[in-house]
Undergrad: 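If you scroll down you'll find the structure; I have some questions about it.
Order of listing sets the numbers, starting from 1, for every ligand and every atom in it. Numbers for residues simply follow the sequence, beginning at 1.
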Amino acid sequence: MKIIIINGPNLNLLGKREPTIYGDLSFDNFFKELKKKYADVELSYFQSNIEGEIIDKIHEVGFNFDGIILNAGAYTHTSIAIGDAIKGVETPVVEVHISNVHSREDFRHISYIAPNAKGVIAGFGLQSYELALESFL
Ligand code: DQA
């Protein structure tokens, strides 16, 4: 089973960025543990702060991977282009958020990912990624 986690803008700062919202663990450390725990899964990781690079990655994996776990960060709330990319590929996408976006500012209640996603997981910290992974198994 081939699964990729794609993280969008500012998620490279996890562990340092607004730790009261996003926690104090870096994604690299979390990802190492996740790979160990799910050793049978071919799990890969991509992060970019650039919208077009996220779209290119979705196109690249979107016909030969079994699942995409996507935290598009703030692009979730703005990017029709990422929404269209998900519509255009075959691989199912699970939208993930570390924080509960629905308990935050109004602009975070809008998602251009969700209408084209298989499901949405938000508010469980980094465990949101693990729950998304479980949904593919
Ligand atoms: C986020 C929520 C977004 O609103 C925010 O812009 C992020 C992170 C989350 O994981 O909780 O960058 O996607």
Undergrad: What protein heavy atom lies closest to atom 9 (C) of ligand 1? Include the residue and the distance to one decimal.
TA: Ile98 N, 3.3 Å
Undergrad: Ignoring hydrogens and geometry beyond distance, is a side-chain donor-acceptor pair present between Thr76 and Glu95 at under 3.5 Å?
TA: no
Undergrad: Suppose I only count heavy atoms of Val101 and a 4.0 Å limit; which atoms of ligand 1 are within that range?
TA: 2 (C), 4 (O)
Undergrad: Looking only at protein heavy atoms, which one is nearest to atom 11 (O) of ligand 1, and what is the separation?
TA: Ser99 OG, 2.6 Å
Undergrad: Any nitrogen or oxygen of Val96 lying under 3.5 Å from a nitrogen or oxygen in ligand 1? Just yes or no.
TA: no
Undergrad: Is the side chain of Asn49 donor-acceptor paired with the backbone N or O of Asn10 at a distance under 3.5 Å, no angle test?
TA: yes
Undergrad: Under 4.0 Å, heavy atoms only, figure out whether ligand 1 is touched by the backbone of Arg17, its side chain, both or neither.
TA: side chain
Undergrad: Between Ile5, Val94, Ile82, which is the residue that forms a side chain to side chain contact (heavy atoms under 4.5 Å, CB included) with Leu70?
TA: Ile82
Undergrad: In terms of atom number and element, which parts of ligand 1 are under 4.0 angstrom from non-hydrogen atoms of His77?
TA: 3 (C), 4 (O)
Undergrad: Is the contact between Asn71 and ligand 1 made by the side chain, the backbone, both, or neither, using heavy atoms and a 4.0 Å cut-off?
TA: side chain
Undergrad: Any idea which protein heavy atom is nearest atom 8 (C) of ligand 1, and the distance to it?
TA: Tyr22 OH, 3.5 Å
Undergrad: Starting at CG of Leu13, measure out to CD of Glu18 and round the result to the nearest 0.5 Å.
TA: 10.0 Å
Undergrad: Geometry only, no angles: is Thr76 polar-contacting ligand 1 at N/O separations under 3.5 Å?
TA: no
Undergrad: Would you say Phe124 has more than 12 foreign heavy atoms packed within less than 6.0 Å of its CZ?
TA: no
Undergrad: Taking both backbone and side-chain atoms of Ala74, is any N or O found less than 3.5 Å from an N or O belonging to ligand 1?
TA: yes
Undergrad: Could you identify the single nearest non-hydrogen protein atom to atom 1 (C) of ligand 1 and state the distance to 0.1 Å?
TA: His97 ND1, 3.6 Å
Undergrad: Which atoms of ligand 1 sit under 4.0 Å from any heavy atom of Arg108?
TA: 3 (C), 4 (O), 5 (C), 6 (O)
Undergrad: Do you know the tightest heavy-atom contact between Ala132 and Val96?
TA: CB-CG2, 3.5 Å
Undergrad: For Tyr45 and Asp28, test the side chains for any donor-to-acceptor distance below 3.5 angstrom and give the result as yes or no.
TA: no
Undergrad: Please determine if Arg104 has a nitrogen or oxygen closer than 3.5 Å to a nitrogen or oxygen of ligand 1.
TA: no
Undergrad: For Lys2, does the NZ atom have more than 12 heavy-atom neighbours from other residues, nucleotides or ligands under 6.0 Å away?
TA: yes
Undergrad: Does Thr91 use its side chain to pair, donor to acceptor, with the backbone of Phe65 at less than 3.5 Å?
TA: yes
